[in-house]
Amino acid sequence: MTTAPTATVQGQATRAVHGTTLKDAHGAPHMPIYNTTTFAFENTAALLDVVDGRTPGALYTRYGMNPSVFALEQTLASIETAEACWAFCSGMAAEMAVFAEYGRDGIVCIGDAYGGTLELLASQLPLLGINTTFILGSELEKLDGFLAGGARLVFFETPTNPTLEILDIRAIAATAQAHGALVAVDNTFASPVNQRPLEVGADLVIYSATKYLGGHSDITAGVVLGRSELITPLWSWRKNLGTTITPETASLLARSLRTLLVRVTHQNKSAQAVAEAMEAHPRISRVLYPGLPSHPGHDLAKELMQGFGGILTIEIGGDAAAASAVADKLKIFALAPSLGGAESLATQPSTTTHHGLTVQERLHRGISDSMIRLSIGLEDPADLIDDLTQALG
Ligand code: PLP
(Lines give C-alpha, C1' and ligand atoms only; values in the text may rest on other atoms or scores of the structure.)
Protein backbone atom coordinates (compact mmCIF):
# COMPACT_ATOMS: atom_id res chain seq x y z
CA MET A 1 0.00 0.00 0.00
CA THR A 2 1.39 3.34 -1.04
CA THR A 3 0.33 6.05 1.35
CA ALA A 4 1.08 9.76 1.57
CA PRO A 5 4.09 10.48 3.83
CA THR A 6 2.09 12.39 6.45
CA ALA A 7 -0.69 14.93 6.32
CA THR A 8 1.49 17.93 5.67
CA VAL A 9 1.21 21.65 6.08
CA GLN A 10 3.34 22.33 3.01
CA GLY A 11 1.74 23.91 -0.03
CA GLN A 12 0.58 21.85 -2.99
CA ALA A 13 3.40 23.06 -5.27
CA THR A 14 6.00 21.98 -2.71
CA ARG A 15 4.30 18.60 -2.33
CA ALA A 16 4.26 18.16 -6.12
CA VAL A 17 8.07 18.46 -6.08
CA HIS A 18 8.87 16.80 -2.73
CA GLY A 19 5.86 14.52 -2.25
CA THR A 20 7.76 11.27 -1.86
CA THR A 21 10.03 10.25 0.99
CA LEU A 22 11.48 7.46 -1.16
CA LYS A 23 15.01 8.02 -2.43
CA ASP A 24 17.36 5.88 -4.47
CA ALA A 25 20.69 4.72 -2.98
CA HIS A 26 22.76 7.30 -4.90
CA GLY A 27 21.04 10.57 -4.03
CA ALA A 28 19.25 11.03 -7.37
CA PRO A 29 17.01 14.12 -7.07
CA HIS A 30 14.07 12.05 -8.16
CA MET A 31 13.38 8.34 -8.37
CA PRO A 32 15.06 6.79 -11.46
CA ILE A 33 13.26 4.34 -13.72
CA TYR A 34 13.50 0.85 -12.25
CA ASN A 35 13.17 -0.84 -15.60
CA THR A 36 13.01 -4.30 -14.15
CA THR A 37 10.21 -6.82 -13.82
CA THR A 38 11.36 -8.57 -10.63
CA PHE A 39 13.46 -7.95 -7.51
CA ALA A 40 15.83 -10.33 -5.68
CA PHE A 41 16.08 -10.97 -1.91
CA GLU A 42 18.91 -11.90 0.47
CA ASN A 43 17.01 -14.92 1.70
CA THR A 44 13.56 -16.52 1.97
CA ALA A 45 12.72 -14.79 5.24
CA ALA A 46 13.31 -11.37 3.64
CA LEU A 47 11.22 -12.39 0.61
CA LEU A 48 8.35 -13.56 2.82
CA ASP A 49 8.44 -10.32 4.81
CA VAL A 50 7.63 -8.40 1.61
CA VAL A 51 5.21 -11.00 0.19
CA ASP A 52 3.25 -11.05 3.46
CA GLY A 53 3.31 -7.26 3.78
CA ARG A 54 5.38 -7.06 6.99
CA THR A 55 8.06 -4.98 5.23
CA PRO A 56 7.37 -2.57 2.39
CA GLY A 57 9.50 -3.31 -0.64
CA ALA A 58 9.77 -4.04 -4.32
CA LEU A 59 8.79 -7.49 -5.54
CA TYR A 60 7.25 -7.71 -9.02
CA THR A 61 6.40 -4.84 -11.36
CA ARG A 62 2.96 -6.02 -12.50
CA TYR A 63 1.97 -5.96 -8.80
CA GLY A 64 2.96 -2.28 -8.78
CA MET A 65 5.72 -3.24 -6.32
CA ASN A 66 8.43 -1.25 -8.07
CA PRO A 67 10.25 1.81 -6.63
CA SER A 68 9.34 4.05 -9.59
CA VAL A 69 5.66 3.23 -9.06
CA PHE A 70 5.86 3.59 -5.25
CA ALA A 71 7.46 7.05 -5.56
CA LEU A 72 4.84 8.23 -8.05
CA GLU A 73 1.92 7.01 -5.94
CA GLN A 74 3.29 8.66 -2.81
CA THR A 75 3.62 11.98 -4.66
CA LEU A 76 0.12 11.73 -6.11
CA ALA A 77 -1.35 10.98 -2.68
CA SER A 78 0.52 13.92 -1.21
CA ILE A 79 -0.72 16.34 -3.91
CA GLU A 80 -4.32 15.18 -3.40
CA THR A 81 -4.01 14.90 0.41
CA ALA A 82 -5.32 11.35 0.03
CA GLU A 83 -4.41 8.46 2.29
CA ALA A 84 -3.66 6.06 -0.53
CA CYS A 85 -3.21 5.78 -4.28
CA TRP A 86 -2.82 3.21 -7.04
CA ALA A 87 -1.55 4.12 -10.49
CA PHE A 88 -2.88 2.28 -13.57
CA CYS A 89 -1.95 1.95 -17.23
CA SER A 90 -4.87 4.18 -18.32
CA GLY A 91 -7.80 6.18 -17.00
CA MET A 92 -10.17 3.48 -18.25
CA ALA A 93 -8.25 0.82 -16.31
CA ALA A 94 -8.52 2.95 -13.16
CA GLU A 95 -12.28 3.31 -13.67
CA MET A 96 -12.67 -0.40 -14.35
CA ALA A 97 -11.07 -1.36 -11.02
CA VAL A 98 -13.48 0.95 -9.17
CA PHE A 99 -16.55 -0.29 -11.06
CA ALA A 100 -15.55 -3.96 -10.62
CA GLU A 101 -15.00 -3.65 -6.88
CA TYR A 102 -17.70 -1.20 -5.86
CA GLY A 103 -20.28 -1.32 -8.67
CA ARG A 104 -21.55 -4.86 -8.27
CA ASP A 105 -24.80 -3.82 -6.52
CA GLY A 106 -25.46 -1.19 -9.16
CA ILE A 107 -24.01 2.14 -10.21
CA VAL A 108 -25.70 5.49 -10.65
CA CYS A 109 -23.88 7.64 -13.23
CA ILE A 110 -24.80 11.31 -13.07
CA GLY A 111 -24.54 13.73 -15.95
CA ASP A 112 -22.25 13.75 -18.95
CA ALA A 113 -19.18 11.60 -19.02
CA TYR A 114 -16.40 10.68 -21.39
CA GLY A 115 -17.82 8.57 -24.25
CA GLY A 116 -15.60 5.57 -23.47
CA THR A 117 -16.82 5.57 -19.86
CA LEU A 118 -20.44 5.67 -21.00
CA GLU A 119 -19.82 2.78 -23.38
CA LEU A 120 -18.10 0.69 -20.66
CA LEU A 121 -20.98 1.32 -18.24
CA ALA A 122 -23.77 0.83 -20.78
CA SER A 123 -22.44 -1.98 -22.97
CA GLN A 124 -19.62 -4.04 -21.42
CA LEU A 125 -20.28 -4.03 -17.68
CA PRO A 126 -23.86 -5.36 -18.00
CA LEU A 127 -22.31 -8.47 -19.61
CA LEU A 128 -20.61 -9.03 -16.25
CA GLY A 129 -23.78 -8.31 -14.28
CA ILE A 130 -22.79 -4.75 -13.34
CA ASN A 131 -25.67 -2.45 -14.20
CA THR A 132 -25.76 1.31 -14.33
CA THR A 133 -28.61 3.77 -14.13
CA PHE A 134 -27.95 7.06 -15.91
CA ILE A 135 -29.45 10.29 -14.69
CA LEU A 136 -28.87 13.84 -15.82
CA GLY A 137 -27.32 16.44 -13.56
CA SER A 138 -30.72 18.15 -13.56
CA GLU A 139 -32.41 15.00 -12.17
CA LEU A 140 -30.60 14.73 -8.83
CA GLU A 141 -33.91 14.26 -7.00
CA LYS A 142 -33.98 10.74 -8.53
CA LEU A 143 -30.71 9.73 -6.83
CA ASP A 144 -32.31 8.97 -3.48
CA GLY A 145 -34.71 6.47 -5.06
CA PHE A 146 -32.02 4.59 -6.98
CA LEU A 147 -29.86 4.33 -3.87
CA ALA A 148 -32.85 3.14 -1.86
CA GLY A 149 -33.21 0.51 -4.61
CA GLY A 150 -29.77 -0.89 -3.76
CA ALA A 151 -27.17 0.87 -5.94
CA ARG A 152 -23.98 1.28 -3.92
CA LEU A 153 -21.79 3.45 -6.15
CA VAL A 154 -22.40 6.95 -7.46
CA PHE A 155 -20.06 8.00 -10.26
CA PHE A 156 -19.75 11.32 -12.06
CA GLU A 157 -17.39 13.80 -13.66
CA THR A 158 -17.36 17.45 -12.68
CA PRO A 159 -16.87 19.63 -14.66
CA THR A 160 -18.48 17.30 -17.17
CA ASN A 161 -17.35 16.48 -20.67
CA PRO A 162 -18.01 18.43 -22.89
CA THR A 163 -20.66 20.79 -21.49
CA LEU A 164 -18.66 21.74 -18.36
CA GLU A 165 -21.67 21.23 -16.12
CA ILE A 166 -20.76 21.60 -12.44
CA LEU A 167 -22.20 19.01 -10.06
CA ASP A 168 -22.41 19.65 -6.32
CA ILE A 169 -20.09 17.00 -4.88
CA ARG A 170 -21.13 17.95 -1.31
CA ALA A 171 -24.88 17.43 -1.90
CA ILE A 172 -24.41 14.19 -3.85
CA ALA A 173 -22.05 12.84 -1.17
CA ALA A 174 -24.57 13.65 1.57
CA THR A 175 -27.33 11.72 -0.27
CA ALA A 176 -25.01 8.78 -0.96
CA GLN A 177 -23.76 8.69 2.62
CA ALA A 178 -27.34 8.51 3.93
CA HIS A 179 -27.67 5.21 2.01
CA GLY A 180 -24.19 3.87 2.80
CA ALA A 181 -23.20 4.27 -0.85
CA LEU A 182 -19.80 5.44 -2.12
CA VAL A 183 -19.11 8.43 -4.32
CA ALA A 184 -16.39 8.23 -6.99
CA VAL A 185 -15.56 11.44 -8.89
CA ASP A 186 -13.66 11.54 -12.17
CA ASN A 187 -11.70 14.74 -11.53
CA THR A 188 -9.76 14.63 -14.80
CA PHE A 189 -11.03 17.97 -16.15
CA ALA A 190 -10.31 19.92 -12.97
CA SER A 191 -7.03 18.28 -11.87
CA PRO A 192 -6.12 18.35 -8.16
CA VAL A 193 -4.98 21.95 -8.59
CA ASN A 194 -8.51 23.18 -9.27
CA GLN A 195 -10.64 20.76 -7.25
CA ARG A 196 -10.12 18.13 -4.54
CA PRO A 197 -13.29 16.03 -4.28
CA LEU A 198 -12.07 14.04 -1.24
CA GLU A 199 -12.00 17.26 0.79
CA VAL A 200 -15.69 17.92 0.09
CA GLY A 201 -17.15 14.47 0.74
CA ALA A 202 -16.22 12.11 -2.13
CA ASP A 203 -14.85 8.67 -1.22
CA LEU A 204 -12.75 8.02 -4.32
CA VAL A 205 -11.20 10.27 -6.93
CA ILE A 206 -10.24 8.97 -10.36
CA TYR A 207 -8.00 10.54 -13.02
CA SER A 208 -7.13 9.93 -16.58
CA ALA A 209 -3.50 10.94 -15.91
CA THR A 210 -3.16 11.00 -19.69
CA LYS A 211 -4.53 14.56 -19.42
CA TYR A 212 -3.40 17.31 -16.98
CA LEU A 213 -1.35 15.11 -14.64
CA GLY A 214 0.78 13.91 -17.57
CA GLY A 215 0.41 17.28 -19.25
CA HIS A 216 2.51 16.70 -22.39
CA SER A 217 0.35 14.39 -24.52
CA ASP A 218 3.02 11.70 -24.27
CA ILE A 219 1.79 9.19 -21.67
CA THR A 220 -1.33 7.11 -21.04
CA ALA A 221 -2.04 6.47 -17.36
CA GLY A 222 -4.75 6.44 -14.70
CA VAL A 223 -5.00 7.00 -10.96
CA VAL A 224 -7.39 6.20 -8.10
CA LEU A 225 -7.05 7.87 -4.70
CA GLY A 226 -8.93 7.69 -1.42
CA ARG A 227 -8.94 6.18 2.06
CA SER A 228 -6.66 3.15 2.52
CA GLU A 229 -9.52 0.80 3.34
CA LEU A 230 -11.21 1.63 0.00
CA ILE A 231 -8.05 1.68 -2.11
CA THR A 232 -6.60 -1.61 -0.80
CA PRO A 233 -9.18 -3.93 -2.48
CA LEU A 234 -8.47 -2.38 -5.89
CA TRP A 235 -4.95 -3.80 -5.78
CA SER A 236 -6.00 -7.34 -6.75
CA TRP A 237 -8.02 -6.07 -9.72
CA ARG A 238 -5.03 -4.12 -11.00
CA LYS A 239 -2.63 -7.00 -10.35
CA ASN A 240 -4.75 -9.71 -11.94
CA LEU A 241 -6.08 -7.69 -14.86
CA GLY A 242 -2.49 -6.59 -15.46
CA THR A 243 -3.43 -2.91 -15.60
CA THR A 244 -0.53 -1.51 -13.57
CA ILE A 245 1.34 1.57 -14.77
CA THR A 246 4.78 0.75 -16.22
CA PRO A 247 7.93 2.06 -14.45
CA GLU A 248 8.82 4.16 -17.52
CA THR A 249 5.41 5.84 -17.54
CA ALA A 250 5.47 6.23 -13.75
CA SER A 251 8.74 8.11 -14.00
CA LEU A 252 7.49 10.38 -16.80
CA LEU A 253 4.32 11.09 -14.84
CA ALA A 254 6.27 11.87 -11.65
CA ARG A 255 8.40 14.30 -13.67
CA SER A 256 5.27 15.97 -15.06
CA LEU A 257 3.78 16.40 -11.59
CA ARG A 258 6.64 18.73 -10.68
CA THR A 259 5.25 21.35 -13.07
CA LEU A 260 1.55 20.58 -12.55
CA LEU A 261 0.73 23.76 -10.64
CA VAL A 262 2.63 26.05 -13.02
CA ARG A 263 0.96 24.48 -16.05
CA VAL A 264 -2.59 24.36 -14.72
CA THR A 265 -2.45 27.88 -13.26
CA HIS A 266 -1.34 29.22 -16.66
CA GLN A 267 -4.02 27.19 -18.47
CA ASN A 268 -6.72 28.53 -16.12
CA LYS A 269 -5.76 32.13 -16.93
CA SER A 270 -5.51 31.54 -20.66
CA ALA A 271 -8.83 29.66 -20.83
CA GLN A 272 -10.55 32.55 -19.03
CA ALA A 273 -9.12 35.02 -21.58
CA VAL A 274 -10.11 32.83 -24.56
CA ALA A 275 -13.61 32.24 -23.12
CA GLU A 276 -14.19 35.97 -22.66
CA ALA A 277 -12.99 36.73 -26.20
CA MET A 278 -15.20 33.98 -27.66
CA GLU A 279 -18.22 35.17 -25.71
CA ALA A 280 -17.82 38.58 -27.34
CA HIS A 281 -17.48 37.11 -30.86
CA PRO A 282 -20.57 37.56 -33.07
CA ARG A 283 -20.28 34.12 -34.74
CA ILE A 284 -20.35 32.22 -31.46
CA SER A 285 -23.80 31.40 -30.17
CA ARG A 286 -22.69 30.06 -26.77
CA VAL A 287 -19.56 29.62 -24.69
CA LEU A 288 -19.55 27.04 -21.92
CA TYR A 289 -16.85 27.83 -19.36
CA PRO A 290 -17.35 27.73 -15.57
CA GLY A 291 -15.29 30.92 -15.17
CA LEU A 292 -17.88 32.98 -17.08
CA PRO A 293 -20.69 34.57 -15.02
CA SER A 294 -23.05 33.45 -17.84
CA HIS A 295 -22.29 29.78 -17.10
CA PRO A 296 -25.12 28.13 -15.12
CA GLY A 297 -22.58 26.48 -12.78
CA HIS A 298 -20.46 29.61 -12.19
CA ASP A 299 -21.53 30.22 -8.56
CA LEU A 300 -21.21 26.55 -7.63
CA ALA A 301 -17.79 26.38 -9.31
CA LYS A 302 -16.68 29.37 -7.22
CA GLU A 303 -17.59 27.40 -4.08
CA LEU A 304 -16.09 24.06 -5.11
CA MET A 305 -13.12 24.92 -7.27
CA GLN A 306 -9.86 26.76 -6.75
CA GLY A 307 -9.65 27.54 -10.49
CA PHE A 308 -12.00 27.09 -13.44
CA GLY A 309 -9.77 24.88 -15.57
CA GLY A 310 -8.38 24.90 -19.09
CA ILE A 311 -11.31 23.51 -21.08
CA LEU A 312 -14.10 25.43 -22.73
CA THR A 313 -16.71 24.52 -25.30
CA ILE A 314 -17.89 26.92 -27.97
CA GLU A 315 -21.02 26.53 -30.03
CA ILE A 316 -20.95 27.91 -33.55
CA GLY A 317 -24.22 29.15 -34.97
CA GLY A 318 -25.10 26.51 -37.57
CA ASP A 319 -24.72 22.77 -38.01
CA ALA A 320 -21.94 20.18 -37.64
CA ALA A 321 -20.51 21.14 -41.05
CA ALA A 322 -20.25 24.81 -40.01
CA ALA A 323 -18.33 23.78 -36.89
CA SER A 324 -16.07 21.45 -38.91
CA ALA A 325 -15.32 24.28 -41.33
CA VAL A 326 -14.10 26.43 -38.45
CA ALA A 327 -12.16 23.59 -36.81
CA ASP A 328 -10.46 22.79 -40.14
CA LYS A 329 -9.16 26.38 -40.46
CA LEU A 330 -7.40 26.41 -37.08
CA LYS A 331 -3.63 26.68 -37.35
CA ILE A 332 -2.31 26.68 -33.77
CA PHE A 333 -5.02 24.48 -32.26
CA ALA A 334 -4.49 20.90 -33.40
CA LEU A 335 -7.60 19.00 -34.45
CA ALA A 336 -7.32 16.13 -31.99
CA PRO A 337 -9.22 14.47 -29.16
CA SER A 338 -7.77 14.50 -25.63
CA LEU A 339 -6.93 17.49 -23.47
CA GLY A 340 -4.62 18.82 -20.79
CA GLY A 341 -1.38 18.93 -22.81
CA ALA A 342 1.03 21.79 -23.52
CA GLU A 343 -0.44 22.24 -26.99
CA SER A 344 -3.96 23.55 -27.54
CA LEU A 345 -6.40 21.08 -29.05
CA ALA A 346 -9.81 21.43 -30.67
CA THR A 347 -12.29 18.62 -31.03
CA GLN A 348 -15.92 18.24 -32.07
CA PRO A 349 -17.48 15.91 -29.46
CA SER A 350 -19.86 14.56 -32.11
CA THR A 351 -16.92 13.30 -34.18
CA THR A 352 -14.67 12.03 -31.39
CA THR A 353 -15.46 11.60 -27.69
CA HIS A 354 -19.22 11.21 -28.17
CA HIS A 355 -19.23 9.79 -31.70
CA GLY A 356 -20.41 6.42 -30.36
CA LEU A 357 -23.69 7.92 -29.10
CA THR A 358 -26.73 8.45 -31.29
CA VAL A 359 -27.76 12.02 -32.18
CA GLN A 360 -30.71 11.61 -29.78
CA GLU A 361 -28.45 10.44 -26.96
CA ARG A 362 -26.16 13.40 -27.56
CA LEU A 363 -29.04 15.87 -27.58
CA HIS A 364 -30.46 14.30 -24.41
CA ARG A 365 -27.12 15.15 -22.83
CA GLY A 366 -27.12 18.70 -24.18
CA ILE A 367 -24.36 18.00 -26.71
CA SER A 368 -25.02 19.68 -30.04
CA ASP A 369 -23.20 18.80 -33.23
CA SER A 370 -21.97 22.37 -33.68
CA MET A 371 -19.95 22.29 -30.46
CA ILE A 372 -16.17 22.52 -30.50
CA ARG A 373 -14.35 21.67 -27.29
CA LEU A 374 -11.11 23.57 -26.77
CA SER A 375 -8.30 22.38 -24.54
CA ILE A 376 -6.15 25.41 -23.85
CA GLY A 377 -2.44 24.69 -23.80
CA LEU A 378 0.59 26.71 -22.77
CA GLU A 379 0.82 29.00 -25.80
CA ASP A 380 0.29 32.77 -25.51
CA PRO A 381 -3.44 33.32 -25.07
CA ALA A 382 -3.37 36.25 -27.54
CA ASP A 383 -2.14 33.88 -30.26
CA LEU A 384 -4.90 31.40 -29.45
CA ILE A 385 -7.54 34.12 -29.67
CA ASP A 386 -6.06 35.32 -33.01
CA ASP A 387 -6.16 31.75 -34.32
CA LEU A 388 -9.80 31.29 -33.37
CA THR A 389 -10.71 34.71 -34.75
CA GLN A 390 -9.13 33.97 -38.16
CA ALA A 391 -10.85 30.56 -38.28
CA LEU A 392 -14.21 32.12 -37.45
CA GLY A 393 -13.62 35.00 -39.87
N1 PLP B 1 -12.08 10.31 -17.99
C2 PLP B 1 -12.14 11.40 -18.77
C3 PLP B 1 -12.83 12.63 -18.28
C4 PLP B 1 -11.57 11.37 -20.05
O5 PLP B 1 -11.63 12.48 -20.83
C6 PLP B 1 -10.93 10.19 -20.50
C7 PLP B 1 -10.31 10.11 -21.85
O8 PLP B 1 -10.43 10.97 -22.68
C9 PLP B 1 -10.90 9.09 -19.65
C10 PLP B 1 -11.47 9.17 -18.40
C11 PLP B 1 -10.21 7.81 -20.08
O12 PLP B 1 -8.84 7.99 -19.88
P13 PLP B 1 -7.68 7.22 -20.72
O14 PLP B 1 -7.74 7.68 -22.13
O15 PLP B 1 -6.43 7.62 -19.98
O16 PLP B 1 -7.97 5.75 -20.55
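Predicted model only: the values in this text are computed from it and were never measured. Whatever order the structure lists ligands and atoms in, that order sets their numbers, starting from 1.
- Under a 3.5 Å cut-off, the side chain of Thr188 and the backbone N or O of Ser208 do form a donor-acceptor pair.
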Quick check on ligand 1: any N or O pairs to the protein under 3.5 Å? One line per pair.
unit_1: ligand 1; atom_1: 1 (N); unit_2: Asp186; atom_2: OD2; d: 2.7
unit_1: ligand 1; atom_1: 8 (O); unit_2: Lys211; atom_2: NZ; d: 2.8
unit_1: ligand 1; atom_1: 12 (O); unit_2: Ser208; atom_2: OG; d: 3.0
unit_1: ligand 1; atom_1: 15 (O); unit_2: Gly91; atom_2: N; d: 2.9
unit_1: ligand 1; atom_1: 15 (O); unit_2: Ser208; atom_2: OG; d: 2.8
unit_1: ligand 1; atom_1: 15 (O); unit_2: Thr210; atom_2: OG1; d: 2.5
unit_1: ligand 1; atom_1: 16 (O); unit_2: Gly91; atom_2: N; d: 3.1
unit_1: ligand 1; atom_1: 16 (O); unit_2: Met92; atom_2: N; d: 2.9

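- Applying the 6.0 Å contact sphere to OH of Tyr60 captures no more than 12 heavy atoms from other residues, nucleotides or ligands.
- In summary, the side chains of Asp24 and His30 do not present any donor paired with an acceptor at a separation below 3.5 Å, with no hydrogens or angles considered.
- Atom CG of Leu392 sits about 7.5 Å away from atom CD1 of Ile372, to the nearest 0.5 Å.
- Thr61 contributes a side-chain N or O that, together with a main-chain N or O of Thr36, makes up a donor-acceptor pair within less than 3.5 Å.
- No side-chain donor from either of Asn187 and Arg196 sits under 3.5 Å from a side-chain acceptor of the other.
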